[in-house]
Structure formats: C-alpha cells, structure tokens
Amino acid sequence: MKFNVLKSEDIVFYGKDGKKIVNVERIDLDRLDHIEGVSPFSVLRLEHNGDTYLLSDEFHIEASFDVLDEFLEEYDEQDEEEYAPQTEQEIEENELEAEDEVLVKEQMAHVDIKVVGEEEKSIVNKIEKDNEHRIDEQKEEISTHFAPIEQMENTLKETVSSDIKNEVEEELVGETSKEVDSTQIVDSSSEEVESQSGIVKQESSFVTQLQTDVKHIVDSRNDIENNTNDVLNEDGTNNIQDVEDNTNDIQNNVEDNQQDRDSALARMEDASLKVGDLTLLGVENLTDNINNIARVNNVLADRTIDEQRDLIQLQNIADTLIKLDNGDELNQTEFTLLGLDDLSSEDISDLNMALANKDSLDLGIAPSVNLQTILDSLNVLDSGTDVSLSDLRNIGVTGVGGVNQISLDILNEELNGEDNTNDIQTLVNSLQEESDSYSRLSSEILTTGDLTTLGITGLEDNSNNIARVNNILADSDVDIGRDTTQLQNIANTIIKLDNKEELTQTEFNLLGLNNLNSEDVADLNDVLASNNSLPLGTTPQTNLQTILDVLNGLDNAEALTTTDLTILGVENVGGENQITLAELNSNLNGEDNRTAIQDLVTTLQTQADNLAEATTRLENEALEVGDLTTLGINNLTDSSDNIARVNNILADSDVDIGRDTTQLQNIVDVLIKVDAKDGDTTATDITQSEWELLGLNSVSAPDANELNIALADSDSLDLGTTPQTNLQIIEDSLNALDEVKYGNTTGVELSDLTNIGVTGVGGASEPTLEAVNAVLFDADVSADHTNSVQEIVDTLALLNSANGDSNVLLTADDIETLGILVPLDANPSNTISDDELTYINNRISESSGAESGGDGDFRNDVSELEALVLAVDEHNFYLGDDGINQLPYNVDVLYDGGDGVDSLSVDGGISVNLSNVHNIEGIILNVNNSNLDSDLGSALDELTVQDVIDITDGSNVLTIDENDGTSNDTVERVYLDNSQFTTDGVLDAEGYYNYIANDGSGVTVRIQELIVVE
C-alpha cells in the first residue's frame, strides 16, 4: 500500500522512528507512523491492490490510519458492487443510460466550456467578452427549463475542480510551469436532468481514471492546448467534441502504458525482468542491459527477498549494485537488500574488506549467490576450523599451496584468530618471508629484510649490516645453522661495536676470535674504543684478527711499524714537527696497548713542543698559561691572571730580558712581594732595585718608600692584571704630590689622591679638592705620601663637621695639621691654651668668624680658620662688615667693628673695657644677662653721652637688643645716666624707645621694648 502525493506543500510524513520524511512524492505506507498537514486542499492518491483511490479532507491531520482503513473498506465495497454480475434490470438501466448519454451529448453541444490557465487567461477573457451577450442569452433561455442542471453543474465542479483541476494544475506547473483550469458549464433541459445523471457518473469515473497517471496528461499537453484554443468555433458554437475525442486518446495511451508497466511489475515479482523493464519501472542510474538485468533477477530470486512490486526497493537494489561496481563499502541494509540477513558489524566489515580485494571471488551476474559464498568462507574463519584453499580464494587471499609457497597446513597451524582477508594475507606474507629467511640463514647468504623477518631487533636491516653479519657467519669458527638466538647475539655484538662498548670474551668468540685471555680482551677493547684505529667496515671478523696480530707483536716486544700504528690508531708520529718513529721505539718501555703508546707519544711531543713554544713566547712577551711551568718558574701559580701580570711587566719598554728565564724568575719573585705588600703595612717593603725590575727605573729611595706606603694602603689603585701599568700610575700621582711643593700651581687631581689611596674627597659633605690643595700649597705643610695627605683630608672633614656643631672639636694638632703654626698667647709659643682653643671651637660651632673679618663659614675654608686663630693670637677681634661678635672672655682687647653695621653680643658676667670697643652700632644682651652696668667695666657705672660717642661710629646711634624675645624670662637691664638722656616714652615703628642726648649732640640710645631701663 503506497501513497502518491499530488499536492504536498502542507503534508508532512513521519516515519516509524518519529523523524520527518522529506521530499516525498511516493511512499510505502508501512514506513509511516502518522501524517500531518492534510487539509481540504490536500490531494493524496492511494494505490491498493492495483487500484487507485483519492483521499480528501476526510483523512485530515487528526485522522488515524483506522480512518484510512474505513476508506479502503468503502472503496472495496464499491468495487464489489461495480464488478458484480448484472441483473436484467441493471442491463436495462445501462441501456437507458446509454441512450441518455447520447441525448446529453446533443445538449452539451450548447454548453459553454471555459478553460483557464496562466497562459490562456487573456484568450479566454477575450472570448468571454466577445460572447458575453450570447452566453447570457443562452443561460437565460435554459435557466427556467434546465434548473436541475445547475445542481449537476455544481456537483461536477466540486469533483472536477477540487480533484482534476488541482491535480492537473500541480502536474502542469511541475512539467510546463503552466496551469490549466478545467471548468465546464453544462446547459441542458430540465426535462432530461435525470437521464443525464448516468453521464455525469460516467464522466466522474473518467476523471478518476485520468488521475491515475498525470504523466500521460503532460505528454499530451500540446493536444490539450490546441483544443483549448478551439473551445469556441468561429460562429460562436461550442467545440467540446474535440476535447472529448482528445481526452479519449489520452486515456487510451495511459491504459496502454499502464499495461506495459503492470507486465514489468509482474516480471519483477517473478524475478524475471527483461531488458527495458528497469527503464519502464523508472529505475535510475543502473544501465538497463542484459548483465544488469541478470544481476537484479539474481538478487530478486533470493529466497530471503520478497519485494513484490516495491519500486523503491527495486531502486535501492540498483543503487546497491552501483556501489558494488564503484568499489564502495555497503552497510547492513544494503547487504540485506542483496539477500544477506542478520549480519553483525564484524561480518559487514569483513565482507567489505573481501570485496575491496581484487583477488576475491568475482560476483559476476550472481551477486547474491557469490556474496553468500564469500560470507560462508568468512564464517569458516570465525568458526576456528581449518580453512580450505577455496575459502582463501573466495576472500582474496593468495600465496598458499603453490610452488615455493607455504603449505595450507602451515597456514592453518599458524592461524590464531585471524578472521578477515587482510589479517590472513598479512600472516601468509609473514610466514613466506620467514621461510625464505631461514633458508638463507643456513646458507650464510642473508639478504636485506631477513633480519627483520627472523625477528632480529636492534640492528638496522640494511645492506651494510647484512654484509657484516654474513662476514661473521662465513668464518670457519662460526657455525650457528638456523639458530636465530645466536644470530641475535651476533647482532647485539655488532651493535656494541658500533656504540664503542667493550666486548666480553664470549662476544669476541661469537665474532670468530677464540682462545683470548683477559689481557687480549682488554687490549682489543682499547683499540676498538679509538676513532682512529682500523675501521672494521663490512668485514669485522677479518679486521679484528688483524688488530689482534699487531697486539700480539707488542707483547713480544717487537718494534712498531708505521702500519702497526695505523692499525692501532696511534697518531702524531713521523709527521712534520712530530716525534719520529725511532724516538717512539727508543722510549718504549713495556707499553703494550694502544692507550699506553699514544700517551707516550703525547708526552714526548708535549715536552718538545712546549719548551720551544714557551721560550718563543717569553721572547715575544706573550706567555700563555702553562708556560711558567714549562720554563721552570717556581712559586707563582701558573694561572691566566698571573700570566697576564707577567706579560704586562715584560711589555714595559724598560724591561727587556729576552729568553732569560733567570731574570723571569727574579721578576716573578718581586711580583710575589708586591702581592704580599698590597694592602698590608706589615709586609716587607720592595727595594729600589726591585722596583726597577718591574720597570720603575726613575724611583728614588724616597719614592720607593712612598710607593710602599701607597701600595700598603688598601684603598690605593688595584694593580689587577696590569701591575706595571698601575704601579707607574701610582708613582706618577706621588710625583704630582711632590710637584705641589716645587712650582705646581694647579695642585693635585682628584684621581691622584684616589690612585695613592686617599679617600673622602669630593663627595657630598666631604672636603673639596680645592680645600685639600689649599693646605698642600701651605709652605708649613709637608705631605708627600698617602698617610700625610689622608691626615689633612680627615682634619678638613673634622673642620666641616665642627662648623655649626658644638659636639665636634678640633685639637691643637688638628689646627697645626692644616698648616696654622703661630704663637697664640702673650708669651709666644707653639701651643694653644685651652681657653683659646675653647673660644676657637665655640666660634666654629656657631659659624661665627666675625672677629677675623670673614663670613663665619669655616667649611672647606682653612683661611677663615687661620684668620680666627690669628685674631685670638693677637687679642684683636675684628668684626668686619655687618658682623656680630660675642665677647669670649674677660680680657682687655680691642673690638673694632669697622665699616658697616655691627653689633657686640655680650655674655652675662663678662667684664670688658668699653673704651676699647669702637665702630659698633649695637649691643645684644643674651639670655643669661641680668643687666648692662658697671659689671661691664670697673670705671663705668652708667652709660653717658660720651660713652656712646666712643663706642659707636660716626652716626652716634647705639641700639641695644635682647636675645630672648620674651618678657617672661630673665629681665635684661640697661643703666643710663638719666641726667644726660631724655625719652618721650613712645615706641617707634621698630619697637624701640629712643633716648636722645640732652646736649643737642644727636647722640641716641635705642633700647628694645622688653629691656628694663634704670
């Protein structure tokens, strides 16, 4: 039972697996689970028992196959009624119907037939327009007489329009992209309506028959179009008779074609198709010739195949045969189509493998039979029973049972689960190769590939190795027959030879060298380990015996020949600049193996070469590591650094020892002393003559001492691998230091100080180079070596630190170190009293050097310090411009402010003669002051106008301040002679009370607000 889809845009078929079946035009009902999308506009045709039925909207989307069964039952009942024997009454009725049909045809001559298609619409519209009036008259004429005909017309429209119209339109759209709309307007008289019903029934049956094969309607399309164009004659009458005649022709063609097709289907059922049937039945892709017909019939005849008239399955069989022809693998369904049922996945794989083999059984025109034969042979393999030659031929296995081929018995004996063509063929090939290889092994004529076949591993199976193995097998002392274990041992021994591994006595025996003792084995291995000994090549046994013969000659104290040396791999004898063979033989002393002889050669050659080369390099001042040892130089390690140091000394223009190794030893001894002295003040000094050995020829005795001092300083220039160069640099820097005393006005460079080991100059907060040079320029300073200069630098650093810091104090020695050497008290001497030193340190800590007329900043300024010291020495404190001077102690000294605005800062409890104070503008009372009164001088009770005139400069204005800045501390007081000064008691803009002399001289005393005036 099959569906033929006439219009399926909305219809969806679902298979038994629940999946959609797409692009369906014809399908076996047994494959379906359900159908969706059937509507009143859907057209389905059902083929059943050779008959065709139309299904409409009764079988819709909600319907089940039970509904379809009901339709089939109804059609079956109709068929039974239609073909049941006719009664006399039925015969009479049929005759009457025939007569009525004639009458209807006469009436239909006046019926308008409209055929409308996409291409004919314009023509039909024109015809309708031209005959509109006439048609209206005809309709009006028959409307009263033939009213029942309208009912027939509607019925006919429903059947034709919804069935044949849609069917024809769909097929014509697919074939010609045109549509034909068949509509019949039938006019007849009302009196004859009942008689026409038979004709309508007959036309309906005719339409149903047309629907069975739309293809033939398409084939006659041109006839339909021609008759459609002639629907109306020129006189306006209808020409339906031509349409009927043409339709009858179409029906006859369809019936004839259907008969041929039915015949082919019958032959298909009998597996007796003939040439042409494949084409008639629509089978594609498989050529419709006698061979393919025979192959298809062979498949159809298989007792397991019962396709009846299933053309889809017939096409599937054809497709499967095509896949066989193309060498494509088949799946289980396709093997089933060919009559092979119940195959496992392994069966399918094995069958496809056999079919892919060109030597397997040819399927010929009996594919099902021969496939079964191949399967039977494969099943024999699966069963584990012995396989026959026929079985092997069936599945495509070759190379068994012939001349020089393995026997079937050997194959069956070796089978171990191989169950397909490839595995068995592989086994056959392997067994054949093995058999051939064993034969060649026993004949000692192995060929490439035999090692692999015989299972020999590790040794590459190439022509060279085959030659080596055959060379060993051919030796008379080697006889292994077909023993592959021994063959593997030989191969392993060859591999060890290739890897330069030592062989055992047993392994040498395998190679044909018998009766060896342990010393022979060791000596042989020693030669084989060399890359220069006699190559074994493709004749290892022969060449090993040659090596052994030479070694035996050494054991017998025989002299060596050049050939012997080549065989043993001993090199560097007898060539240019090499020792001679005679020298070697004369120095032989029991050496009986390759290594011992080569070592002797090397020693003799080294001794000869090294001495000559080292002496040449000494002369060229280009010694290398090892030369010191070769030349017999002692005590200095023969390292790359030491070689570089010695070469640096030799390269100096003042050093020329030629090839004199004695002088070289002297230089080395001095260099050792230099190393000991470097950074060690306790080490032995280098003498003047020793410095000269190192190329320092202009060194005097003092210079030698200075060099020793600089060298002993750990901060001096590192000698490194260029000792002569760097010692000369140190010497040059020491000379620069000396030249400062003898006319060098630029002083030393910072690098000079660094070279001789002086540190702490030029960095942040460190003494400047200018300050150091200022001291060095001092005639009273004698600094000509590292230590004396370092002392100056350190003292300058102390002076810098003391500036502004009362915790850092200079000593008298420090001051003398900086070149300040003067008597500093009333009884001149070279010492500074403690009071004087205290005062100096106070001034330094307060950054106040006003007494000396400087700026009060002692950092890096020895001249400022020297001025202060001289001022203290002379008891004359010169304030200088805009300075502030504090009275240091109770001494009767002169204080002269000089030009500018200067103030005198007075500590409490100090007594000073104000008559010695001149040219100041102010007095500052410090925090510890209690007052300014007679304590300042024994002759002063109160300040007078004359006192102010004597103390101040020409302005005669004295300003008195206090250094506390608050009124909450100790009160400072000033005693004035009130009889001589008057104040208005008003503070000026700067916070002072002005006391003006009463005598009109303009003398003024300005006293700060917080000071008490009494």
Side-chain angles (χ1 to χ4, degrees), residues 1-2 15-16 27-28 30-31 264-275 277-383 387-388 390-397 419-421:
M1 186 180 300
K2 302 183 184 299
K16 297 295 186 181
I27 190 168
D28 193 329
D30 293 338
R31 295 177 59 193
L265 288 171
R267 287 191 293 276
M268 173 182 168
E269 287 182 316
D270 295 337
S272 60
L273 293 173
K274 65 181 183 178
V275 176
D277 286 349
L278 295 181
T279 303
L280 186 62
L281 295 176
V283 175
E284 299 176 345
N285 301 325
L286 186 66
T287 304
D288 196 344
N289 57 34
I290 188 169
N291 281 340
N292 285 334
I293 291 295
R295 296 164 75 198
V296 173
N297 284 334
N298 176 259
V299 174
L300 293 174
D302 189 277
R303 56 186 174 78
T304 63
I305 302 175
D306 185 12
E307 301 300 339
Q308 295 183 355
R309 296 192 175 197
D310 191 341
L311 295 181
I312 293 176
Q313 289 293 70
L314 181 60
Q315 180 64 59
N316 292 339
I317 291 172
D319 293 341
T320 302
L321 291 175
I322 291 170
K323 290 186 68 174
L324 281 174
D325 294 341
N326 294 335
D328 297 334
E329 290 191 354
L330 304 188
N331 57 36
Q332 186 169 17
T333 301
E334 291 164 336
F335 277 119
T336 301
L337 281 173
L338 300 182
L340 274 68
D341 299 324
D342 302 325
L343 298 180
S344 66
S345 60
E346 183 179 359
D347 293 335
I348 294 170
S349 175
D350 294 346
L351 277 168
N352 279 317
M353 187 183 299
L355 292 174
N357 191 305
K358 63 181 179 60
D359 295 316
S360 62
L361 179 63
D362 183 30
L363 300 184
I365 60 174
S368 291
V369 174
N370 291 333
L371 278 172
Q372 185 62 54
T373 300
I374 294 173
L375 180 61
D376 293 342
S377 295
L378 290 171
N379 288 336
V380 170
L381 293 173
D382 291 336
S383 68
V387 66
S388 68
S390 297
D391 292 329
L392 297 178
R393 285 192 292 270
N394 290 340
I395 65 174
V397 174
D419 59 358
N420 60 60
T421 300

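Sequence positions, counted from 1, serve as the residue numbers for this chain. All values below come from the heavy atoms of this structure, side chains included, with hydrogens, waters and symmetry mates left out.
To the nearest 0.5 Å, atoms CG (Leu265) and CG (Asp270) are separated by 11.0 Å. Rounding to the nearest 0.5 Å gives a distance of 12.5 Å between CD1 of Ile395 and CG of Asp376. Separation of atoms CG (Leu338) and CG (Leu371) is listed at 6.0 Å; rounding is to 0.5 Å. Between Thr373 atom OG1 and Leu378 atom CG the span is 11.0 Å, to the nearest 0.5 Å. The CG atom of Leu278 sits 11.5 Å away from atom CG of Asn285, with the distance rounded to the nearest 0.5 Å. To the nearest 0.5 Å, the span separating CE on Met353 from OG1 on Thr421 amounts to 6.5 Å.
Looking only at distances, a side-chain donor or acceptor of Gln332 sits under 3.5 Å from a matching main-chain atom of Leu343. Side-chain N or O atoms of Asp277 include none that pairs as donor or acceptor with a backbone N or O of Ala264 at under 3.5 Å. Side-chain atoms of Asn357 never come within 3.5 Å of backbone atoms of Val397 as a donor-acceptor pair (strictly under, hydrogens ignored). Proximity of a side-chain donor or acceptor of Ser383 to a complementary backbone N or O of Val380 within less than 3.5 Å is detected. A donor-acceptor pair is defined here as one N or O able to donate and one able to accept, closer than 3.5 Å; no such pair exists between the side chain of Asn298 and the backbone of Arg295. Under a 3.5 Å cut-off, the side chain of Asp302 and the backbone N or O of Ser368 do not form any donor-acceptor pair. The backbone N or O of Ser390 sits less than 3.5 Å from a side-chain atom of Asn394, completing a donor-acceptor pair. Side chain of Asn370 to backbone of Leu363: a donor-acceptor contact under 3.5 angstrom is found. For the pair Asn352 (side chain) and Glu329 (backbone), a donor-acceptor distance under 3.5 Å is absent. In terms of modelled atom types and a separation under 3.5 Å, the side chain of Gln315 and the main chain of Ile312 share no donor-acceptor contact.
The local environment of CG in Asn326 is crowded, with over 12 non-hydrogen atoms from other residues, nucleotides or ligands closer than 6.0 Å. Open room surrounds CD1 on Ile365; 12 or fewer heavy atoms of other groups in view lie less than 6.0 Å from it.
Nearest heavy-atom pair, Thr320 versus Leu330, reported as atom, atom and distance to 0.1 Å: CG2-CD1, 3.8 Å. Ala354 and Ser360 make their closest contact through O-OG, 2.8 Å (heavy atoms, listed as atom of the first residue, atom of the second, distance). Of all non-hydrogen atoms in Pro367 and Leu321, the two that sit nearest each other are CG-CD2, 4.0 Å. Considering all non-hydrogen atoms of both residues, Gln372 and Leu340 come closest at OE1-CG, 4.1 Å. Taking all atoms of both residues into account, the shortest heavy-atom contact from Ala301 to Ala271 is N-CB, 3.7 Å. The minimum heavy-atom distance between Ile322 and Leu286, with the atom names listed, is CD1-N, 3.7 Å.
Contact annotation: the side chain of Val296 never approaches that of Val299 to less than 4.5 Å [non-hydrogen atoms, C-beta and beyond]. Considering only heavy atoms from C-beta on, Leu311 stays 4.5 Å or farther from Val283 through its side chain. With a 4.5 Å cut-off on side-chain heavy atoms, Ile374 and Leu351 count as touching. Looking at Ile317 and Leu300, their side chains come closer than 4.5 Å, going by heavy atoms from C-beta outward. In this structure, Val387 and Leu392 have side chains that are in contact, with non-hydrogen atoms separated by less than 4.5 Å.
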Show your reasoning for whether side-chain contact (heavy atoms from CB on, under 4.5 Å) applies to Val275 and Asn289.
CA-CA 6 Å; Val275 176; Asn289 57 34; 5.7 Å; no
